[in-house]
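Remarks on the structure that follows.
Naming: A, B, ... by sequence-line order, numbering from 1 per chain.
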Amino acid sequence: MSVGTLDRAASLNHWRHRALGEKALIGLGFLVLALVLPPWPGAALVAVAVLAFTFLGARVPLRLWLATVVLPLGFLASGGLMLLVQITGDGVSLAPGGAEKAAFLCLRAMAATFCLMFLALTTPMADLFAGLRRLAVPAEIVELALLTYRFVFLIADEAAAMTAAQRARLGHSSRRRWLRSTAMVAANLLPRALARARRMETGLAARGWQGEMRVLSSRVPVCRKTVALVLAVQLAVLLAVVLA
Amino acid sequence: MTAILSATDLHYAYPGEVPALRQLSLGVPTGRKLAILGPNGAGKSTLLLHLNGSLRPDRGAVLLAGKPGDYSRRGLLQWRSRVALVLQDPDDQIFAATVAEDVSFGPLNQGLTDTAARARVQAALAALGIADLADRPPHMLSGGQKKRVAIAGAVAMEPEVLLLDEPTAGLDREGADQLIAVLRQLGQRGMTLVFSTHDIDLALALADDVALFQDGTVLAQGRAETLLCDPALLASAGLRPPVLVELWLAAQARGLCPASGQMPRTPEALMEQLAPAPPALRVAQ
Amino acid sequence: MTAILSATDLHYAYPGEVPALRQLSLGVPTGRKLAILGPNGAGKSTLLLHLNGSLRPDRGAVLLAGKPGDYSRRGLLQWRSRVALVLQDPDDQIFAATVAEDVSFGPLNQGLTDTAARARVQAALAALGIADLADRPPHMLSGGQKKRVAIAGAVAMEPEVLLLDEPTAGLDREGADQLIAVLRQLGQRGMTLVFSTHDIDLALALADDVALFQDGTVLAQGRAETLLCDPALLASAGLRPPVLVELWLAAQARGLCPASGQMPRTPEALMEQLAPAPPALRVAQ
Amino acid sequence: MHIMEGFLPLSHALGWYAAAAPFVVAGVRRIRRILREKPEARMTLAASGAFAFVLSALKIPSVTGSCSHPTGTGLGAIVFGPPVMAVLGVIVLMFQALLLAHGGLTTLGANAFSMAIVGPWVAYGVWKLAGRLGLSFAVSVFLAAALGDLATYVFTSLQLALAYPDPASGLVGAALKFGGIFAVTQIPLAIAEGLLTVVVIEALSGK
């Protein structure tokens with residue numbers, strides 16, 4: 001998976017043009033529920049609900065979703081393992097109640113990860129920046145994040161091309177060569193990134209840049225029906241947990 | 001023919017390097033399309049950066065509508081509202097997360113209201129034929145599309161002069177042809193265009209006037225029809241005439257084209273001039 | 001005509017994107033110069049990355065000298081020693097502090113001794129005509145020089161096949177002409193060349209064979225003399241014949257050139273075929 | 001090694017947000033002051049942040065096949081100083097969460113504390129100390145980057161141990177467990193990052 005995979009998926013997503021508020025309510029709302037509610041049955045219900053929004057609502061391709069979820073699950077496997085065992089004076093043994101604890105942790109972490117992936121796969125970064133601006137994050141910091149985002153793709157392309165060129169000349173073929181080749185990429189990449197920054201400065205000055213970076217962002221009105229639906233599902237999850 | 005922009009006796013050296021511009025004088029005729037033609041590394045980009053006030057000459061002056069360029073903060077803002085610059089690499093000029101957001105940057109910097117800026121954005125995207133890309137993130141565009149986004153960002157400021165550095169660099173034939181068509185349209189609407197290029201075929205396809213550039217100075221400036229048909233002059237700038245013109249001159253010399261014809265700017269124009277010989281006179285098969 | 005490299009039924013998609021290569025088959029004839037000709041974004045670079053094993057196809061196979069490509073670590077090292085790749089932007093592949101040091105990167109990675117690598121570096125710099133640049137830092141070179149350094153870095157590995165992505169991109173006419181001359185020399189020494197380009201004039205100037213590339217697949221492959229003179233076929237790939245060929249065909253149709261002539265690769269070659277009409281037969285002035 | 005989304009209980013997630021906040025706010029203040037004086041520093045800082053992101057995405061071939069990567073904190077701390085790195089680090093961590101599903105939003109506070117605060121400050125401290133002790137340039141850079149990387153990893157293990165103490169041996173045992181499983185990849189990685197940073201900084205200062 002490359003840097004652009006999720007970004008591309010988000011900007012081509014079925015729900016790309018839905019209001020940021022709706023998607024934030026789903027992604028962040030369920031994320032909070034996953035953390036606040038007891039993992040069973042809370043996190044399990046959250047996971048089911050958010051997956052329904054992901055696949056039935058936003059129609060995220062399953063293959064892409066699976067390829068994305070592999071990485072956090074790797075972390076979960078090793079981290080969860082640690083809860084199964086305990087260290088005593090005699091060495092390592094199975095922890096009492098460890099299985100249950102590990103299962104609960106896995107449930108919660110997975111539900112939360114599904115929420116994050118919902119956001120990542122449906123919400124283009126442009127909308128998030130606009131949202132951050134509305135949340136009164138200092139303009140300078142949003143601008144810094146925006147420019148960083150823009151540069152990430154340019155620099156990642158350069159890094160990928162450099163690495164391909166080195167592989168073509170047999171760099172990276174042993175541990176020592178890997179170190180030398182990667183260091184050469186990094187050492188050549190930083191000056192290029194800074195040169196790019198200087199050119200960008202000239203390019204933006206030509207467009208009348210005075211130090212503030214204002215742009216018109218389009219804002220989609222929130223659909224009340226959707227919000228009501230999401231809130232209803234969230235309330236249902238909450239009630240189910242309280243009653244259970 | 002009035003000059004909306006002109007440079008007299010410009011001299012400029014980047015700190016610690018050999019001079020990039022030397023005693024350069026140039027006039028930009030109002031409402032026409034001027035090609036600054038010369039090899040890479042000759043200082044063409046440096047000249048463009050002088051024409052919008054991004055660089056300040058060590059000696060000499062840039063005149064905007066006859067008045068010396070004003071390098072104060074306010075002066076520069078006005079200057080750049082009237083003279084827009086599009087860099088060679090569109091990635092050096094596109095920063096926002098979507099195309100429409102990016103194009104709105106210039107108009108908002110000019111102090112327009114949101115409504116007025118939005119109208120400018122729509123007009124500019126329409127003029128460049130990219131209205132359908134408005135919501136796309138820039139890194140998902142092709143090279144030709146990015147180029148047009150960068151130009152839309154300049155056009156949205158409604159400048160009098162548009163400076164373009166190597167506008168067709170990196171584009172394939174189709175992308176270049178589309179861009180040339182768009183630039184011609186902008187010219188027809190009265191915008192003055194100045195573009196730098198090392199590609200004499202681009203000058204042939206687009207320019208009304210040509211300035212021959214070499215080693216930081218302008219060797220000659222004149223109408224494209226005159227300059228591009230002058231092999232001796234072009235050779236002094238290390239250039240050859242466009243292939244079309246070479247063949248046209250050769251055909252004229254052989255009597256296969258009328259000597260009074262106009263310089264052909266497309267293969268079709270040359271073919272029209274190549275009159276078919278009557279069957280009896282054809283060369284032996 | 002044996003094929004040192006070939007691809008059969010290649011299929012490849014970058015994760016989460018539409019396929020970049022679809023059912024692509026291609027043969028690279030030993031000892032000849034093959035142009036992969038098509039518009040930008042059609043997947044030409046992706047194909048080159050398959051030909052040296054940098055990318056592995058989702059379906060289909062790449063054969064090196066008739067054997068399926070070996071994607072093991074050792075296999076890839078051997079493969080890339082035999083098939084070198086030069087990317088489009090030389091800044092992506094020149095890393096070291098001096099030209100000679102950079103060119104030595106490949107030979108040293110091949111496990112050569114310092115002495116042997118040094119000899120390779122000298123030979124490669126000489127072959128590219130840049131022996132005088134050996135001690136220069138790369139950032140002080142012109143675009144054309146950098147390009148030649150990047151190619152020297154590949155040639156120093158003494159590969160059988162040299163893959164070049166858009167070799168003349170960004171070069172001015174003089175830089176491109178010098179590069180074409182160098183590449184012709186490498187071809188004369190028996191190196192197999194494969195280059196991708198969107199510039200049909202480059203294919204005309206350099207290629208023995210042409211593969212027409214569009215939308216991730218090869219529409220047709222054949223001798224340059226056949227393919228580049230077939231307007232209908234070229235049109236199906238969204239291309240027009242080179243200007244020279246268009247004019248040559250037009251002149252032939254008008255009986256101004258012998259119908260039996262060879263496809264002209266330079267303006268001079270076409271002018272030679274344009275026989276002067278005897279004075280009496282000239283068109284009316 | 002980022003803590004994944006949802007791995008920390010609510011109280012810990014909030015606690016680390018609160019702990020990281022003062023450092024990030026201080027960094028924001030510093031950056032706003034820099035930008036007021038030099039608006040164009042925006043581009044340089046953004047390019048550096050993007051560089052750090054891309055560097056962290058360069059995979060290192062490791063025995064376990066896990067996704068280890070350099071943190072870039074040592075390089076950043078030496079070049080830009082720790083306060084600026086706190087902000088750039090948060091931005092980079094946010095992108096890693098949303099563009100790579102690496103790390104998370106609820107764990108952003110905890111990850112920022114270990115990667116964008118502890119790592120850079122340790123690297124910076126070691127760098128200054130090594131300079132004062134008269135160690136050579138290369139050794140100072142190596143120690144700063146390697147120890148900065150190592151400190152990040154040790155601190156992350158501590159964060160995990162605090163959240164999930166061992167039922168028998170408590171915090172210490174848990175730290176050993178979490179530390180132990182990641183040590184296989186992280187110790188060679190810290191050494192690699194140290195060497196890498198030396199080569200990068202030497203190449204940069206040579207140019």
Side-chain angles (χ1 to χ4, degrees), chain A residues 2-13 16-17 123-133 142-158 192-193 195-220, chain B residues 45 48-49 51-55 73-74 76-81 83-118 120-122 134-140 150 153-154 156-157 159 163 165:
Chain A
S2 79
V3 177
T5 311
L6 294 194
D7 183 72
R8 174 177 287 268
S11 41
L12 297 175
N13 182 264
R16 185 236 181 286
H17 288 290
T123 318
M125 210 55 88
D127 297 5
L128 289 175
F129 291 131
L132 288 179
R133 265 191 210 114
V142 181
E143 285 161 12
L144 195 56
L146 170 68
L147 282 171
T148 307
Y149 168 73
R150 182 78 185 102
F151 282 136
V152 157
F153 293 94
L154 301 175
I155 297 175
D157 280 351
E158 287 174 0
R192 279 178 81 177
R196 193 173 271 291
R198 276 195 300 277
R199 291 198 305 271
M200 179 73 92
E201 199 188 307
T202 310
L204 295 191
R207 300 171 65 189
W209 179 47
Q210 300 287 299
E212 188 196 6
M213 308 189 74
R214 225 153 65 79
V215 292
L216 282 180
S217 41
S218 51
R219 199 172 161 180
V220 187
Chain B
S45 307
L48 291 186
L49 290 172
L51 293 182
N52 88 332
S54 294
L55 291 176
R73 224 182 93 129
R74 282 192 50 153
L76 280 176
L77 190 59
Q78 282 197 343
W79 188 344
R80 289 168 184 167
S81 271
V83 181
L85 169 66
V86 179
L87 299 180
Q88 176 171 347
D89 184 351
D91 283 327
D92 290 337
Q93 225 158 357
I94 304 176
F95 72 96
T98 71
V99 167
E101 283 183 16
D102 191 82
V103 173
S104 73
F105 180 71
L108 290 176
N109 286 336
Q110 289 177 305
L112 294 187
T113 63
D114 283 10
T115 324
R118 192 159 284 135
R120 288 275 192 92
V121 170
Q122 281 174 358
D135 292 329
R136 289 276 197 92
H139 51 268
M140 282 179 57
M157 296 172 74
L163 311 172
D165 197 1

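Of all the listed residues (B:Leu49, B:Val86, B:Leu77, B:Asn52), the one sharing the greatest number of non-hydrogen pairs under 4.5 Å with chain A is B:Leu77. Listed options A:Met213, A:Met125, A:Met200, A:Arg16 were ranked by heavy-atom pairs under 4.5 angstrom with chain B; first place goes to A:Met200. For chain A, the option among B:Val83, B:Val103, B:Ile94 with the highest count of heavy-atom pairs below 4.5 Å is B:Ile94. Contacts with chain A were tallied for B:Leu163, B:Leu87, B:Asp91; B:Asp91 has the most, counting heavy-atom pairs under 4.5 Å. Of the listed residues (B:Gln110, B:Gln78, B:Arg80), the greatest number of heavy-atom pairs within a distance under 4.5 Å of chain A belongs to B:Arg80.
At least one donor-acceptor pair closer than 3.5 Å links the side chain of A:Arg207 to the backbone N or O of B:Gln93. Side-chain atoms of B:Ser104 come within 3.5 Å of backbone atoms of A:Leu216 as a donor-acceptor pair (strictly under, hydrogens ignored). Under a 3.5 Å cut-off, the side chain of A:Arg214 and the backbone N or O of B:Leu108 do not form any donor-acceptor pair.
Scored by the side chain to side chain contact (heavy atoms under 4.5 Å, CB included) test, A:Ala130 finds A:Arg134, A:Ser217 as partners (sequence neighbours excluded). Legend: residues meeting salt bridge (charged side-chain N to carboxylate O under 4.0 Å, His left out) with A:Glu158, ordered by chain and number and at least two apart, are A:Arg192, A:Arg196.
Between A:Ala126 and B:Glu101, the closest heavy-atom pair is CB-OE2, 4.3 Å.
Aromatic ring pairs are classed by plane angle as parallel below 30°, tilted from 30° to 60° and perpendicular above 60°; the pair A:Phe153 and B:His139 is parallel.
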- After noting the C-alpha distance and the side-chain angles of B:Phe95 and A:Phe151, does the key distance pass the side chain to side chain contact (heavy atoms under 4.5 Å, CB included) rule? CA-CA 8 Å; B:Phe95 72 96; A:Phe151 282 136; over 6 Å; no

List the steps, then state whether side chain to side chain contact (heavy atoms under 4.5 Å, CB included) holds for A:Ser11 with B:Arg136. CA-CA 7 Å; A:Ser11 41; B:Arg136 289 276 197 92; over 6 Å; no

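Rounded to the nearest 0.5 angstrom, A:Asp127 CG and B:Asp135 CG are separated by 9.0 Å.
For chain A, the nearby part of B:Ser54 is the side chain; its heavy atoms alone come within less than 4.5 Å. Residue A:Leu204 touches chain B through both its backbone and its side chain, counting heavy-atom pairs closer than 4.5 Å.
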